There are 2 protein chains.
Amino acid sequence: MGEVVITTGGQTRGDRVRAASKQRRSLQKQELRRLILAAAAELFLEHGYEHFSMRQVAERIGYSATTIYLYFEHKDDLLFEVVSDGWQRFSDDLLAAAAATDDPLERLQAMGRVYVSFGLNNPAVYGLMFVQRTDFLMHENLHSKGKPVDLFVVLCDAVQAAVDAGIFPPGDVVGYGDAIWAGVHGIVTLCPSLFDDERRQRAVEIVLRMTLDGLRAR
Amino acid sequence: MGEVVITTGGQTRGDRVRAASKQRRSLQKQELRRLILAAAAELFLEHGYEHFSMRQVAERIGYSATTIYLYFEHKDDLLFEVVSDGWQRFSDDLLAAAAATDDPLERLQAMGRVYVSFGLNNPAVYGLMFVQRTDFLMHENLHSKGKPVDLFVVLCDAVQAAVDAGIFPPGDVVGYGDAIWAGVHGIVTLCPSLFDDERRQRAVEIVLRMTLDGLRAR
DNA sequence: TTTTTTACTTATCAGTGTTAAGTACAAGAT
DNA sequence: ATCTTGTACTTAACACTGATAAGTAAAAAA
């Protein structure tokens, strides 16, 4: 039987009910997706990359393991979403540090300190981004603002500014950037079992002084 | 029945046969152990840390998987033996570089280059030593000569020599060492998927110049 | 010749990522 | 109100993983 046609701008009551129902269920799906993501992030922080499992995520939120596959293509997809959030925070921090001062040298120092801070305060996420799954860095779905490549450009811009100001000698700007990056990355990842944070903090300052002074034109 | 006693210095023929047999079987065991180790090293290089499995090792040499457990306590034990060999080569290289010259700065440069070379030429082993399984560095069974701690001491000695020679200013020698280590370690581990070897080579030279010049007394 | 030891294998357990098939219920159509 | 379709989820299963216990055939020792 045809439904009772009470037209309201070409839309029947049935149409509106259908649309509302559809939207409600869509919201429920989104909510479960967020629930999975939150549980995944928690468990990742608790157990680390190597002992992170789909089944545990499912168990924590009270669903069967296969349900997750209705919301995420595969484990990597879920992990990527986890890291994606961490990446956003990282790039926010770094961009803020870069924007805080106009002095080229101070800017580079600030960026270096923020970089290391993030790495030491978020070791699991940092590891996922820059150690275990560097392939994620090339993932196209990484938030448009603050892509890894863009952040490296920000670093190189800061280096270029130092060159322009006559602080660094003209030369291989990208190479300078690589070297600075290597320094801070080295600090963050150097043998977590051997170095305590205090020793790391001392090392950061030395690395910053060394790298930046080392480039300094004489 | 008692054996025919043909004494030869208190040793019966039976004793000698027994001893020889025992030795022969002991040699066979050693040989199989080496075979397992060789296969493990191969497969580790082929498949990397994450996809290295006991069953594959067993299959390659034509034994059941459980046999390996008669020769190695567990997977970690086998992996440790693999890395142990790599570690020996690494420390040989580094000590040779340190002994090659008396000039403090040249020595540090040489050590840095050798460090990075080893890392880039043996990425799997380097990763096992300094990234995935840094806990192995504290393993007591690491060959007595060239322990990680000893190598760091060698580095610090070189730094101290530079300080004594008036090249570096007096200060936190261990911190200097950490910083130099962080630099070369950073180069080796920086996003393998993003950097080709050519770009890395340029970065090494810059890092060495930066770190060493940066420490230089003015 | 009988017993014991050695070297190895098969069967098994608990866990992993992932897919296919099945199920219960809600939505939509007539 | 009934029938059909689709949605959201589950159970069962596959092919792996590290690891252990129990079993077996042959060699050594008695």
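A note on names: the letters A, B, ... follow the listed sequences, proteins ahead of strands, and every chain is numbered from 1. Because the structure is a prediction, the values reported are computed rather than measured.
Atom P of nucleotide dG18(D) and atom CG of Leu79(B) are separated by 10 Å, given to the nearest angstrom. The distance from atom CD of Gln28(A) to atom C1' of dA27(C) is 13 Å, rounded to the nearest whole Å. Counting to the nearest Å, the C1' atom of dT16(C) and the CD atom of Glu50(B) are 13 Å from each other. Straight-line distance from the OH atom of Tyr69(B) to the P atom of dA19(D): 4 Å, rounded to whole Å. Between Leu27(B) atom CG and dA7(C) atom C1' there is a gap of 16 Å when expressed in whole angstrom units. Rounded to an integer number of Å, the gap from Glu31(B) CD to dA7(C) P is 14 Å. Atoms NE2 (His74(B)) and P (dT17(D)) sit 19 Å apart, rounded to a whole Å. A straight line from CE of Met54(B) to P of dT20(D) spans 10 Å, rounded to a whole angstrom.
Residue Lys75(B) places no side-chain N or O under 4.0 Å from the OP1 or OP2 atom of dA19(D). Between Tyr71(A) and dC9(D), a side-chain N or O to OP1/OP2 separation shorter than 4.0 Å is present. Contact between the side-chain N/O atoms of Thr67(B) and the OP1/OP2 oxygens of dC8(C) is not found at any separation under 4.0 Å.
Residue-level contact check: Leu32(B) touches the backbone only, with heavy atoms under 4.0 Å from sugar-phosphate atoms and none from bases. Among the atoms of the strands shown, only primed sugar atoms or phosphate atoms (P, OP1, OP2) are found under 4.0 Å from some heavy atom of Gln56(A). Residue-level contact check: Thr66(B) touches the bases, meaning some heavy atom is under 4.0 Å from a base atom. Here Phe72(B) lies out of heavy-atom contact (under 4.0 Å) with every strand.
Within 3.5 Å, a donor on the side chain of Arg55(B) pairs with an acceptor on the base of dG18(D), or the reverse.
Outside the 6.0 Å centre-distance limit, the rings of Tyr63(B) and Tyr71(B) are not counted as a close aromatic pair. Taking the six-membered ring for Trp and the full ring otherwise, Phe80(A) and Phe72(A) have centroids separated by 6.0 Å or more.
The two atoms that bring Pro123(B) and Leu120(B) nearest to each other are CD-O, 3.5 Å, heavy atoms only.
Distances from the side chain of Ser64(B) to the nucleotides dT9(C), dT16(C), dT20(D) place dT9(C) closest.
Put simply, the side chain of Gln132(A) does not reach to within 4.5 Å of the side chain of Gln132(B), judged on heavy atoms. Side-chain contact between Leu94(B) and Asp92(B) is absent, with no heavy atoms from C-beta onward closer than 4.5 Å.
Each of Glu73(A) and His51(A) was assigned the nucleotide of DNA chain C with the nearest heavy atom; the assignment lying further toward the 5' end belongs to His51(A). Projected onto DNA chain C by closest heavy-atom contact, Leu70(B) and Asp76(A) fall at different nucleotides, the more 5' of which corresponds to Leu70(B).
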